[in-house]
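What follows is a single structure, written as structure tokens, with notes after it.
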Amino acid sequence: MPELPEVETIVQQLRAQGLEGQTICSIDVHWAPIIAPLSDKQFKHQLCNVSITQVGRNGKWMIFSLDSNQTLLVHLRMAGSFSFSPSLYDRIVLHLSDKRSLYYRDTRKFGRWKLVDHPEEILDKLGPDALTSHFSQSYFGTALSSRKRKIKALILDQSCVAGLGNIYADEALWEAKIHPCHPANTLTDSQIKALFHAIKKVLKLGVKNRGTSLGDGKTNYRDLDGISGNNRGAVKAYGRAGQHCNRCQTPLEKITVAQRGTTFCSHCQKIDVAASTDSQKIS
DNA sequence: GAAGACCTGCTA
DNA sequence: TAGCAGGTCTTC
């Protein structure tokens with residue numbers, strides 16, 4: 001599942017592959033709902049003969065700046081990926097001026113492409129990107145202080161902090177030794193500090209390792225070259241239910257939080273009694 | 001705040 | 001063959 005580190009890896013690769021400066025000569029759309037609300041015809045009309053000036057990222061959104069004064073925003077959602085080689089699950093193909101073709105692959109068809117005049121209308125709804133200085137400890141503390149939601153639900157909320165998905169949320173909470181159901185507004189200052197640094201740490205490690213791949217190549221993350229990320233070996237919690245905690249050897253447990261599978265260590269990530277009581281009152 | 005919808009490949 | 005996985009939007 002592409003989260004911040006996976007999206008960052010793909011953005012870096014697209015830049016390195018010289019996508020900036022390329023002109024889109026023609027387009028194939030094999031699954032039109034991805035580009036909604038534009039029609040196939042509108043999309044091609046607005047994007048053909050347009051050059052890509054810059055490739056960037058904010059949270060999990062990829063940002064393709066264009067010389068037409070429009071912006072193409074791409075969200076990979078669950079299973080989107082890019083490649084310069086074709087595959088069975090290509091949904092959109094951009095044919096470029098240097099004769100290469102950029103294939104957008106998406107087995108589950110969940111990804112979304114937004115060709116817009118004002119990208120800020122979408123991007124301003126996001127909280128600060130987790131790896132920028134805008135995501136500061138003081139911001140994080142303030143953001144948590146007024147929210148009673150379970151901490152995992154809150155850090156998955158892109159309007160609070162942009163970039164975390166299920167994998168890195170579990171990893172950050174394990175790293176900070178915080179129970180995923182802990183009410184956000186009852187975390188202590190030291191817990192907030194620990195979680196803030198844990199979020200930065202696990203995401204930076206994810207970027208360094210070029211993303212996390214867990215399953216097969218059809219449904220799981222692959223980079224631009226079809227290569228798995230190397231972060232799987234660094235994963236301490238996500239997907240390890242039943243295996244021993246790397247810190248205390250207690251078998252990791254799996255529960256559902258915010259409708260997501262959630263793996264944690266019931267020994268390291270305890271919820272304190274006062275907070276637990278508050279949680280019951282809230283729910 | 002929670003559940004359903006969108007999707008399809010994989011697993012039990 | 002039913003159920004699961006998951007990011008975000010919509011609906012209740």
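Residue numbers begin at 1 in each chain, while the letters A, B, ... track the order of the sequences.
If you take NZ of A:K125 and C1' of C:dT8, they are 11 Å apart, rounded to a whole angstrom. The CD1-P distance, from A:I34 to C:dG7, rounds to 17 Å in whole Å. Put simply, CZ on A:R108 is 18 Å from P on B:dA5, counting in whole angstrom units. Taking atom CD of residue A:Q259 and atom C1' of nucleotide B:dA5, one finds them 11 Å apart after rounding to whole Å. Following rounding to the nearest Å, A:R112 (CZ) and C:dG6 (C1') show an atom-to-atom distance of 14 Å. Rounded to whole Å, atom P of B:dG9 lies 16 Å from atom CZ of A:R222. Atoms CG (A:D170) and P (C:dA5) sit 12 Å apart, rounded to a whole Å. The CG atom of A:L4 sits 13 Å away from the P atom of C:dG7 (whole-angstrom rounding).
Distances shown here put every side-chain N or O of A:H75 at or beyond 4.0 Å from the OP1 or OP2 atom of C:dG7. The phosphate of C:dT8 has OP1 or OP2 within less than 4.0 Å of a side-chain N or O from A:K60. When the side-chain nitrogen and oxygen atoms of A:K109 are compared with OP1 and OP2 of B:dT8, one or more of them lie within a distance under 4.0 Å. Not one side-chain nitrogen or oxygen of A:Y221 sits closer than 4.0 Å to the OP1 or OP2 atom of C:dG7.
Each of C:dG6, C:dT8, B:dA2 was ranked by its minimum atom distance to the side chain of A:R260; first place goes to C:dT8. Out of C:dT8, B:dC7, B:dG4, the shortest distance to the side chain of A:P33 is found at B:dC7. If you check B:dA2, B:dC7, B:dG9 against the side chain of A:Y89, the one that comes closest is B:dG9. Comparing atom distances between the A:Y238 side chain and each of C:dA5, B:dT8, C:dG7 picks out C:dA5 as nearest.
Between A:Y104 and A:W113, the ring-plane angle classifies as perpendicular under the 30° and 60° cut-offs.
Residue-level contact check: A:Q158 touches the backbone only, with heavy atoms under 4.0 Å from sugar-phosphate atoms and none from bases. At a threshold of 4.0 angstrom between heavy atoms, the contacts of A:K254 are confined to the sugar-phosphate backbone, with no base atom among them.
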Quick one, A:I199 with A:L164, criterion side chain to side chain contact (heavy atoms under 4.5 Å, CB included). Give me CA distance, side-chain angles, the key distance, then yes/no.
CA-CA 8 Å; A:I199 288 171; A:L164 287 163; 3.9 Å; yes
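Aromatic ring centres of A:F135 and A:F196 lie closer together than 6.0 Å.
For the pair A:Q243/A:P251, no side-chain contact is recorded, criterion being any heavy-atom separation below 4.5 Å from C-beta on. Counting heavy atoms from C-beta outward, A:E121 and A:V116 have side chains that stay 4.5 Å or more apart.
A stacking contact links A:F110 to B:dC6: the aromatic ring centre lies within less than 5.5 Å of the base's six-membered ring centre, and the planes differ by less than 30°.
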